[in-house]
Amino acid sequence: MSNPSMTLDDAMKLASEAFLPLGCVTSANPEDDSFGFTVMNSGGEPVLQVANVPSSQYTDPVSLGSVLQQARLDVEHKGCHLEPWTMPMDDATGIPVTTPNY
């Protein structure tokens, strides 16, 4: 059974939420169907930049989750504290779900 693929918008939204309380700015790269993101500290200084997450990675929820978890580890190794985060998945479908912010 294959996981349903994610859209670019879904992937960028998840990336922007994965680094709280830090800021994360995402940008689409339409020329090669990818996106990049930059994680910034509270002072607006870049902490980590990932220039290219190709569609082969972001359309697969498991691959995207791995990319984001590795980036989180990199940010934490630079001394930044992040809130706990896991790739939100719907157990029945395997589709990432966006949980409401409370």
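Positions are given from 1 along the sequence.
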Q. Does S16 have any side-chain hydrogen bond (donor to acceptor under 3.5 Å, both in side chains) partners at least two apart in sequence or in another chain, and if so, which?
A. none

Which heavy atom of [X] sits nearest a heavy atom of [Y], and at what distance?
| X | Y | answer |
| --- | --- | --- |
| A15 | C24 | O-SG, 3.6 Å |
| V50 | V53 | CG1-CG2, 3.8 Å |
| Q57 | S63 | O-CB, 3.4 Å |

(Q) Enumerate the side-chain hydrogen bond (donor to acceptor under 3.5 Å, both in side chains) contacts for residues 72-82, please, sequence neighbours excluded, ordered by first and then second residue. (A) Q70-D74

Q) Say you draw a straight line from CG of L68 to CG of L73; how long is it, rounded to the nearest 0.5 Å? A) 11.0 Å

Q: List in chain and number order the residues that pass side-chain contact (heavy atoms from CB on, under 4.5 Å) with S66, two or more places apart in sequence or in another chain; answer none if no residue qualifies.
A: none

**Q.** Residues in side-chain contact (heavy atoms from CB on, under 4.5 Å) contact with V75, at least two apart in sequence or another chain
**A.** F19, L22, V39, V47, L48, C80, L82

Hey, can you pull the donor-acceptor pairs under 3.5 Å for the side chains in residues 30-38, sequence neighbours left out?
| unit_1 | atom_1 | unit_2 | atom_2 | d |
| --- | --- | --- | --- | --- |
| D32 | OD1 | S34 | OG | 2.6 |
| D32 | OD2 | N52 | ND2 | 3.0 |
| D33 | OD1 | Y58 | OH | 2.7 |
| S34 | OG | N29 | ND2 | 3.1 |
| S34 | OG | N52 | ND2 | 3.0 |

Q.
The test is side chain to side chain contact (heavy atoms under 4.5 Å, CB included); show your working for M6 and L64 and say whether it passes.
A. CA-CA 9 Å; M6 293 186 57; L64 178 62; 3.8 Å; yes

Q) Is there a chain of hydrophobic side chains (I, L, V, M, F, W, Y, each step under 4.5 Å between heavy atoms) that links M40 to L14? A) no

